[in-house]
Amino acid sequence: MAKELIQSARGMRDIFSPEALAWEQLHQLIHEVLAQFSYLPVQLPLLEKTGLFQRAVGEDTDIVSKEMYTFSDRNNESLTLRPEATAGMVRAMIQHGLLQQQQRVYTEGPMFRYERPQKGRYRQFSQVSVETFGIAGPGLDVELISIGERLFRLLNCREQVTLEINTIGLAEERYAFRRALVDYLQQHTDRLDEDSRRRLSTNPLRILDSKNPDVQAVLDDAPELETFFGENTKAHFARVRELLETLGIVYKHNPRLVRGLDYYCHTVFEWTTDALGAQGTVTAGGRYDGLIHQLGGPDIPAAGFAFGTDRILLLAESTGFFKARYPLAYCIAASEQHLPAVMHLGQQIREQCPHAAVLVQTQVQSLKNQFKKADREKARFALVIGDTEAATTTVTVKDLHTGKQESIALAHISDYLNLKRETI
Ligand code: HAM
């Protein structure tokens, strides 16, 4: 077999435990938090028609113009591996006629973007994408933000993240601003970098997001989006800020935050961190009132955000939230004839101690070898059944941390382990 075939595609990762186990725990925690806010899960396909993303995310965005995995299927239909989940969720809601009532939903799984891989940036990555439909008003924007706040607190990493918020107003307000911004920047093209010059004709608002200090310096004297806002936009954002303050959610107003997807209006927000180098945005979203109508659905409001779980994992790795999983009981048969009793022992413990990890060594070897394996697995107790134990319906339990050994009646083994589990 050619060696290069045994090499994953660039930007695609294999994740092993303990990281994969932490991944599971993070998703479990996110499910619990979303359940507390009364959100329901939805399952969506990974593939959508290419045109959906072009219409929803926007032709001129980096995602659509440079980063999509697009191919023709056998029927010559152009399909794309989803780069994000909002477009698919909106498509599904319209298709199944679910927009007559308010919806609070989420979906999760892999997303695909052809980006330059680096720490925290992968070509296949994971999001939990949280969406709401039919709920107008700033209260909902703040609810979405408070879901993030709750998660980061539970993960013990609220101190490492900053909440940045902004309003980008309505399409018509942005349009007027866009013209003024382009007029201004065209007089300073010599001070812009190549990326910003390109964006001048494609997506000028994204220039505000530039990380280049020279470009930021040009922007210091540029027209400001805020001056184009009408009363409604101002009142909406003022109320968002007031509600955040009421809830004690600390934020930073970043007037240059615009987001890289076209569908947003009014409130946008990002949770960022300095701990991950360049890929500092761990969660992001905002309101997207016009999108459903634009895609042929009813004219109703919508808002949402996505947790970038690969980055949240990197951030929370060291906060002590994630727990390693080692066998509590490692069950050993002293010889082949005792294997049925040992497998039965495993079954009994799993039934009576449902939260304990039990490993039955099904391949019977010398006791010494099996104890070595139990150590390697970092098991806490080795449970042995041999001739003596079989004759007395007992189990020999060895605490692999202390070396202490005792004989426990088979009928009491689960009580014994439950008690131990509570104290270790
Ligand atoms: P986004 O800002 O493109 O928004 O992505 C959301 C999050 O996904 C980012 O903040 C980041 O944590 C993570 N992410 C994005 N690209 C990568 C990558 N290449 N590698 C690792 N993580 C990545 C959206 O996707 C919107 N659909 C969010 C939304 C939902 N807005 C409303 N509803």
Side-chain angles (χ1 to χ4, degrees), residues 10-13 15 23 26 30 34 39 42 44 48 52-53 56-58 61-64 66-69 81-93 103-133 135 140-141 143-145 147-148 151-152 161-166 168 206 209 257-273 275-292 301-316:
R10 199 163 131 74
M12 309 278 170
R13 295 183 305 154
I15 307 174
W23 195 94
L26 173 62
I30 294 176
L34 286 166
Y39 284 63
V42 175
L44 296 173
E48 295 281 354
L52 177 72
F53 299 114
V57 177
T61 59
D62 283 352
I63 295 178
V64 171
K66 304 196 283 202
E67 296 170 0
M68 295 207 301
Y69 281 89
L81 275 168
R82 64 179 182 191
E84 60 101 57
T86 309
M89 185 71 92
V90 171
R91 192 267 310 142
M93 288 283 158
Q103 297 279 359
R104 285 176 162 83
V105 291
Y106 65 94
T107 195
E108 68 185 16
M111 312 288 153
F112 302 85
R113 295 183 194 176
Y114 191 85
E115 293 190 86
R116 199 166 47 78
Q118 60 182 94
K119 184 181 170 194
R121 185 164 71 194
Y122 314 105
R123 290 182 174 175
Q124 176 177 328
F125 61 96
S126 248
Q127 282 184 355
V128 179
S129 194
V130 180
E131 317 291 352
T132 65
F133 301 107
I135 311 166
L140 192 264
D141 306 1
E143 172 177 306
L144 293 170
I145 289 171
I147 296 174
L151 182 79
F152 295 122
V161 289
T162 303
L163 168 63
E164 294 186 31
I165 64 166
N166 192 24
I168 55 167
R206 285 289 280 161
D209 254 353
L257 178 67
V258 291
R259 308 274 301 125
L261 301 91
D262 277 358
Y263 46 63
Y264 293 109
C265 64
H266 285 302
T267 317
V268 290
F269 58 91
E270 292 193 352
W271 293 90
T272 59
T273 177
L276 302 181
Q279 304 311 315
T281 308
V282 291
T283 291
R287 190 161 268 288
Y288 52 95
D289 290 344
L291 182 63
I292 298 171
F305 71 94
F307 287 120
T309 49
D310 303 79
R311 292 184 191 168
I312 296 177
L313 264 183
L314 285 173
L315 177 68

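Residue numbers start at 1 and run along the sequence shown. Indexing begins at 1, ligand by ligand and atom by atom, following the structure's order.
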Heteroatom distance test ([X], ligand 1): nitrogen or oxygen, under 3.5 angstrom:
| X | value |
| --- | --- |
| Arg259 | yes |
| Phe305 | yes |
| Gln127 | yes |
| Tyr288 | no |

Note, [X] side chain near [Y] side chain (heavy atom, < 4.5 Å):
| X | Y | value |
| --- | --- | --- |
| Val105 | Met93 | yes |
| Arg259 | Ile168 | no |
| Arg116 | Arg10 | yes |
| Thr283 | Val161 | no |
| Arg123 | Pro117 | yes |
| Arg82 | Leu44 | yes |

In the protein, which heavy atom is nearest to [atom], and how far is it?
| atom | value |
| --- | --- |
| atom 30 (C) of ligand 1 | Thr86 OG1, 3.0 Å |
| atom 19 (N) of ligand 1 | Glu115 OE2, 2.6 Å |
| atom 14 (N) of ligand 1 | Phe125 CE1, 3.4 Å |
| atom 27 (N) of ligand 1 | Glu84 OE1, 2.6 Å |
| atom 20 (N) of ligand 1 | Tyr122 N, 3.0 Å |
| atom 31 (N) of ligand 1 | Tyr264 OH, 2.6 Å |

Could you list which atoms of ligand 1 come closer than 4.0 Å to a heavy atom of [X]?
| X | answer |
| --- | --- |
| Arg121 | 19 (N), 20 (N) |
| Val282 | 10 (O), 12 (O) |
| Gly308 | 8 (O), 12 (O), 13 (C) |
| Gly120 | 20 (N), 21 (C), 22 (N) |
| Tyr263 | 26 (C), 27 (N), 31 (N) |
| Leu261 | 3 (O), 4 (O) |
| Gly285 | 31 (N) |
| Thr281 | 9 (C), 10 (O), 11 (C), 12 (O) |

Could you tell me whether the side chain of [X] and the main chain of [Y] form a donor-acceptor pair under 3.5 Å?
| X | Y | answer |
| --- | --- | --- |
| Thr281 | Glu270 | no |
| Tyr122 | Gly120 | yes |
| Asp310 | Phe125 | no |

Worksheet, complete the sentence: side chain to side chain donor-acceptor pair (under 3.5 Å) test vs Arg287 passes for just one of Thr267, Thr132, Asp141, namely Asp141
contact_flag [X] ligand 1 heavy-atom lt 4.0 Å:
| X | value |
| --- | --- |
| Thr283 | yes |
| Trp271 | no |
| Ser129 | yes |

Worksheet item: In terms of side-chain heavy atoms, does Thr86 have a donor or acceptor partner in Tyr288 at a distance below 3.5 Å?
Response: no
Fill in: Between Thr162 and Glu164: side-chain donor-acceptor atoms closer than 3.5 Å
no
Worksheet entry | More than 12 heavy atoms of other groups within 6.0 Å of Tyr69 OH | yes
Fill in: Structural part of Ala306 in contact with ligand 1, heavy atom criterion under 4.0 angstrom
both
Practice prompt. Select one of side chain, backbone, both or neither to describe which atoms of Glu131 lie under 4.0 Å from any atom of ligand 1, heavy atoms only.
Written response: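 For Glu131, the contact with ligand 1 is made by the side chain alone.
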Worksheet item: Centres of the Phe305 and Phe307 rings: under 6.0 Å?
Response: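 Ring centroids of Phe305 and Phe307 are less than 6.0 Å from each other.
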